[in-house]
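Worksheet: one structure, shown below.
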Amino acid sequence: MARVVRKAASRSSAGVATSFAAIPAKRAQQLFNWNRILVLLHGVQAAVIVAISPTTAKINFDGSYPVAKIVDGQFAGLTTGTEPLFGIPLAYAVAAFFALSALAHFAAAYPLRARYEGWLAREFNPLRWAEYAISSTLMIVAIASLTGIRDAGAMLAIAGCNASMNLFGWSMEEANIGRKSVQWSHYIFGCIAGIIPWLAVFVTLGLSLGDWQGDAAFQPVLVTIYVSLFVSFNIFALNMVLQRLKIGRWKDYLHGERSYMILSLVAKTLLAWQVWSGVFMPASN
């Protein structure tokens, strides 16, 4: 018995709460309404993108392999050969990240509502991070393809780093359930994983703009897409910092939850319609 008491006391001295009050009924209803509205806003945009966009523009994946370079009958090193593997219509990828968000908000509003509200009472939302791990990865892969990255291995690495960044967001919240002092290692590791895809895109974008061979009118669109999405992604990271440090209105975890909802809608809408105006609309003229 004494051992149990000491264990409970040590948990208390570490500042870790073991019980959590349910979120207020009024706030729960507000979040329910937000989720219902976001199902509609994301779902409608997914349907519209599919309806009005051509499927000629694709995210293409190539396989790379080493090829021996022979000069005057002598081995002179290795070069790289490429083989087209497959392509995914860009319109379907754009529609998919809207559809994934609509599905996640539907789950939070209906079949998982009680569990969702229970998670929020603990300042934790794994449903959000699971959805981001897929939808934002589709977004960064789309951006990478527009800059000219086509190698399947590079795309897989970009996707894996971005998905890992979001899963670190999951583990960051889970590790800090009930804690008074924030444990930041998960956040730092997530930032390291998350910056890698953007560096890869930045390097490729810089090289492509330096020797541009495509439609010159698309150059400013591509730069705008990169800058706006880079800023949007980093605002997500800032939102987590404000939420964890409980600064200003972010003292209320649910304010941060609503901020994530708005940021997700804005980021996806920006990318979708910038891609449509820069890629799909010219193709239909």
Can you tell if the side chain of V94 reaches within under 4.5 Å of the side chain of W276, non-hydrogen atoms only?
no
Assigning hydrophobic clusters by single linkage (Ile, Leu, Val, Met, Phe, Trp, Tyr; side-chain heavy-atom cutoff under 4.5 Å), is V39 placed with V266?
no
Using side-chain heavy atoms (C-beta onward) and a distance below 4.5 Å, is Q45 in contact with W273?
yes
Quick one: closest heavy-atom pair of W198 and Y226, and the distance?
O-OH, 3.3 Å
Would you please indicate yes or no on a ring centroid separation below 6.0 angstrom for F32 and Y110?
yes
L242 and L263: same hydrophobic cluster, using ILVMFWY side-chain contacts below 4.5 Å?
yes
Side chains of W184 and M172: closer than 4.5 Å at any heavy-atom pair?
yes
Check whether more than 12 heavy atoms from other residues, nucleotides or ligands sit under 6.0 Å from atom CZ of R36, and answer yes or no.
yes
Taken to the nearest 0.5 Å, the spacing of Y116 OH from I23 CD1 works out to 7.5 Å
Using the six-membered ring wherever Trp is involved, compare the ring planes of H105 and H42 and label them parallel, tilted or perpendicular (cut-offs 30° and 60°).
parallel
Is there a side-chain contact between I262 and W34 (heavy atoms, below 4.5 Å)?
yes
Under 3.5 Å donor-acceptor pairs involving side-chain atoms of residues 145-156, not counting sequence neighbours:
residue	atom	partner	partner atom	Å
S145	OG	A142	O	2.7
T147	OG1	A144	O	2.7
R150	NE	D62	OD2	3.2
D151	OD1	S64	OG	2.5
D151	OD2	G153	N	3.1
D151	OD2	A154	N	2.9

Reported CH2-to-CG distance for the pair W129 and L167, which is rounded to 0.5 angstrom
10.0 Å
Start with the C-alpha gap between M240 and E173, add the side-chain angles, then the distance that decides, and say whether side-chain contact (heavy atoms from CB on, under 4.5 Å) holds.
CA-CA 9 Å; M240 173 172 269; E173 287 198 330; 4.1 Å; yes
At their closest point, which heavy atom of W250 faces which heavy atom of S259, and how far apart are they?
NE1-OG, 4.0 Å
Between V241 and Y187, does a side-chain contact (heavy atoms from CB on, under 4.5 Å) hold up when you go through it step by step?
CA-CA 9 Å; V241 171; Y187 180 86; 3.2 Å; yes
Which heavy-atom pair separates S228 from Q274 by the least distance, and what is that distance?
OG-OE1, 3.1 Å
Can you confirm whether R244 sits close enough to E123 that some side-chain heavy atom of one is under 4.5 Å from a side-chain heavy atom of the other?
yes
Separation between OG (S164) and CZ (F189), nearest 0.5 Å, reads 13.0 Å
Please name the pair of heavy atoms, one in P197 and one in I140, separated by the smallest distance, quoted to 0.1 Å.
CB-CG1, 3.9 Å
Could you check whether any side-chain heavy atom of N166 comes within less than 4.5 Å of a side-chain heavy atom of S136, counting everything from C-beta outward?
yes
Give the C-alpha distance, both sets of side-chain angles, the deciding distance and a yes or no for salt bridge (Lys or Arg N to Asp or Glu O under 4.0 Å) between R27 and E257.
CA-CA 11 Å; R27 302 299 301 281; E257 173 69 8; over 6 Å; no
Connected via hydrophobic side-chain network under 4.5 Å: V48 and L271:
yes
For residues V227 and I225: do they belong to one hydrophobic cluster (side chain heavy atoms under 4.5 Å, members Ile, Leu, Val, Met, Phe, Trp, Tyr)?
yes
Pair F236 + Y132: ring centers closer than 6.0 Å:
yes
Once rounded to the nearest 0.5 Å, what's the spacing between atom CZ of F106 and atom CG of L112?
10.0 Å
Does the side-chain contact (heavy atoms from CB on, under 4.5 Å) test come out yes or no for L138 and L100, once each step is laid out?
CA-CA 10 Å; L138 281 174; L100 285 163; 3.8 Å; yes
Connected via hydrophobic side-chain network under 4.5 Å: I195 and V141:
yes
Is the shortest heavy-atom distance from the side chain of M261 to the side chain of L31 under 4.5 Å?
yes
Under a 4.5 Å cut-off applied to non-hydrogen side-chain atoms, are F97 and T137 in contact?
no
With distance as the sole test, does Q183 use its side chain to make a donor-acceptor pair with the main-chain N or O of S185 at under 3.5 Å?
yes
Has R128 got its NZ or CZ under 6.0 Å from the middle of the six-membered ring of Y260, at an angle within 45 degrees of the ring axis?
yes
CG of N35 to CG of L40, rounded to nearest 0.5 Å, is 13.0 Å
Should we count CD of Q29 as having more than 12 external heavy atoms under 6.0 Å?
yes
Is the side chain of N239 donor-acceptor paired with the backbone N or O of I235 at a distance under 3.5 Å, no angle test?
no
Rounded to the nearest 0.5 Å, how far does CD of Q243 lie from NE2 of H255?
9.0 Å
Is there a donor-acceptor contact under 3.5 Å from the side chain of N162 to the main chain of I158?
no
K246 NZ: over 12 foreign heavy atoms closer than 6.0 Å:
yes
To check you understand the geometry: which heavy-atom pair defines the closest contact between K268 and S101, and what is its length?
CE-OG, 2.7 Å
Determine the minimum heavy-atom distance between G87 and N60, stating which atoms define it.
CA-OD1, 3.8 Å
